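In what follows, a structure is listed as structure tokens, so that the remarks can point back to it.
Chain identifiers are assigned alphabetically (A, B, ...) following the order of the sequence lines, protein sequences preceding nucleic acid strands; residue numbering begins at 1 within each chain. Everything numeric here is computed off the predicted structure, so don't read it as measured data.
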Amino acid sequence: MKRTKIKIALNSDSAMEEILIKGWVRTKRDNKGFSFLELNDGSSIKTIQAIIDHTPEIEAALARVGTGAAVAISGELVESPGKGQKWEVRGKTLKVIGEADQETFPLQKKRHSDEFLRGIAHLRPRTNKFGAMFRIRSELAQAIHKYFAEKDFFYIHTPIITGSDCEGAGEMFRVTSLEAGSKETAENDFFGKPSHLTVSGQLSAEMFSLSLGDVYTFGPTFRAENSNTPRHVAEFWMIEPEIAFSDLVDDMDLGEDMIKYLITHILDNCPDDIELFAKWVDKTLMSTLEGILREPFKRLPYTEAIEILKKTKKDFEYPVEWGIDLQTEHERFLCEEKFKKPVFVYDYPKTIKPFYMRMNDDNKTVAAMDCLVPRIGEIIGGSQREERMDVLVARMDEAGLNKDEYWWYLDSRRYGSVPHAGFGMGFERMLMLVTGVANIRDVMPFPRTPKSLDF
RNA sequence: UCCCCAGUAGCUCAGUUGGCAGAGCGGGUGACUGUUAAUCACUAGGUCCGCGGUUCAAGUCCGUGCUGGGGAGCCA
């Protein structure tokens, strides 16, 4: 007989004379003459209760079963006479697939701290919370592809290994095939030049936007920053759409529409898993998400943001002046206190933004935009790209970049250049927004952070 | 990388002016004919993060290192 997934069994319309379920025991309750087992197989957050009468064989099997053990139970699916569940399995046979030593199995029938579970990241998906998390993570990834497919975007696989060592988005990890301690120079390394893990697929994506129109990348990204915060990791996933014949307003429209689509999709498709987070992790989750869906995001030019910050009576640790980059305290004030909703801040001073962002007519600001959301901060960072060859070259010279390294990038402006824009969205930060989880290490299977590379 | 806090049983934590190491939960054993993180009784369980120092005596005080957490910077 084929096993029935627990999710399917629990959704059954009718009783079943024969059923086989397999899963991990969450709890065993013994009575005189019979026992209850609750099984979870990961197909949903719910467990199915099995009741099984004691026989010598069953008792021998039960002696080897505790929390965490993997078992198979065959029997019939019947209406439960007990409270709390519609269906239960009346077991006839019990087979132990994999034992779990109760003296050493670290997961107990109680809540564990997030810190403890991080130390056993290989087992934490067996808990309700992390099982729910990783089902939602899967669904969110699928929703991203669905969203772009519906809008006729093309999915581009940009390279993980990059040869340009100055993409300007942070410290990079070196890639080499040389032995550790080797005195060989980069010319004798695998690629014959320095190579690194990508910090962004943007420059590559731009090339395909200027060919296929609307494109996106969705893949791993690496930053060798020594960041120790609940919002940063060394390896994370980023979504980077790039849209041709488009400006900064189109870019913000896309970002806002996408955030709303993804939230709606998760609320519609993961109600049981989201409920756990709304109940145990963030009591304000539902009102926060519904609030984001309800209204248009605030769109605020940087210059106006500075004026608002200067006018407010709040005592900021960092003084506000036109030309500074917004500090976390400023961003939080704008989206959590002043507007109480997601805020796009746009048209930043050119001095604090990279060379590829499009120069505005004031010659002081560039067409950049950051989307700030409550609690998480920057979830999207993007810009309209500089499509004018002469302006772009001047900006590269200002930044002291070697134009020879970017010959292919400049070619895209030399031949058939068009206005285009794009942004990067942190996939994990989106997951934090959707679930209310406060630490990015708890939305990833095996997070990579400074001084931490277990599993 | 900087600032702050923490590290005691498997987990969560208490531990007084420096004086014999504690609780709840979990585990084990037993009881119980419908339980829901079952209940009840009994029971085992410790490198007090590592190293060095002060002291008759250190979980407790001092120094240092490691690890974890929070805040900041960097950003997504």
Pairs under 3.5 Å (N/O, protein and nucleotides 68-71 of chain B):
unit_1, atom_1, unit_2, atom_2, d
B:G69, OP1, A:Arg118, NH1, 2.8
B:G70, OP1, A:Asn439, ND2, 3.2

(Q) Generate the contact string for nucleotides 22-31 of chain B. Rules: B means base contact, S means sugar-phosphate contact only, - means no protein heavy atom under 4.0 Å. (A) --BBSSS---

**Q.** Pairs flagged by salt bridge (Lys or Arg N to Asp or Glu O under 4.0 Å) wherever residues 96-106 of chain A is involved - sequence neighbours left out
**A.** A:Arg64-A:Glu99

**Q.** Residues in ring-ring contact (aromatic ring centres under 6.0 Å, His included) contact with A:Phe153, at least two apart in sequence or another chain
**A.** A:Phe148

**Q.** By side-chain contact (heavy atoms from CB on, under 4.5 Å) - contacts of A:Thr55 (at least two apart)
**A.** A:Glu57, A:Ile58

Q. Do any of residues 365-380 of chain A sit with a heavy atom less than 4.0 Å from RNA chain B, and if so which?
A. A:Glu378, A:Ile379, A:Ile380

Q) For A:Gln142, what residues pass the side-chain contact (heavy atoms from CB on, under 4.5 Å) criterion, not counting sequence neighbours? A) A:Ser138

Between the protein and nucleotides 6-9 of chain B, list every N/O to N/O distance that falls short of 3.5 Å.
none

Q.
Quick check on contacts: within residues 5-26 of chain A, what sits under 4.0 Å from RNA chain B by heavy-atom distance?
A. none

**Q.** Results of ring-ring contact (aromatic ring centres under 6.0 Å, His included) for A:Tyr261 - residues two or more places apart only
**A.** A:Tyr147

Q.
Run the ring-ring contact (aromatic ring centres under 6.0 Å, His included) test against A:His330 and tell me which residues pass, sequence neighbours left out.
A. A:Phe316

Pull out every protein N or O sitting under 3.5 Å from an N or O of nucleotides 43-46 of chain B, one pair per line with the distance.
none

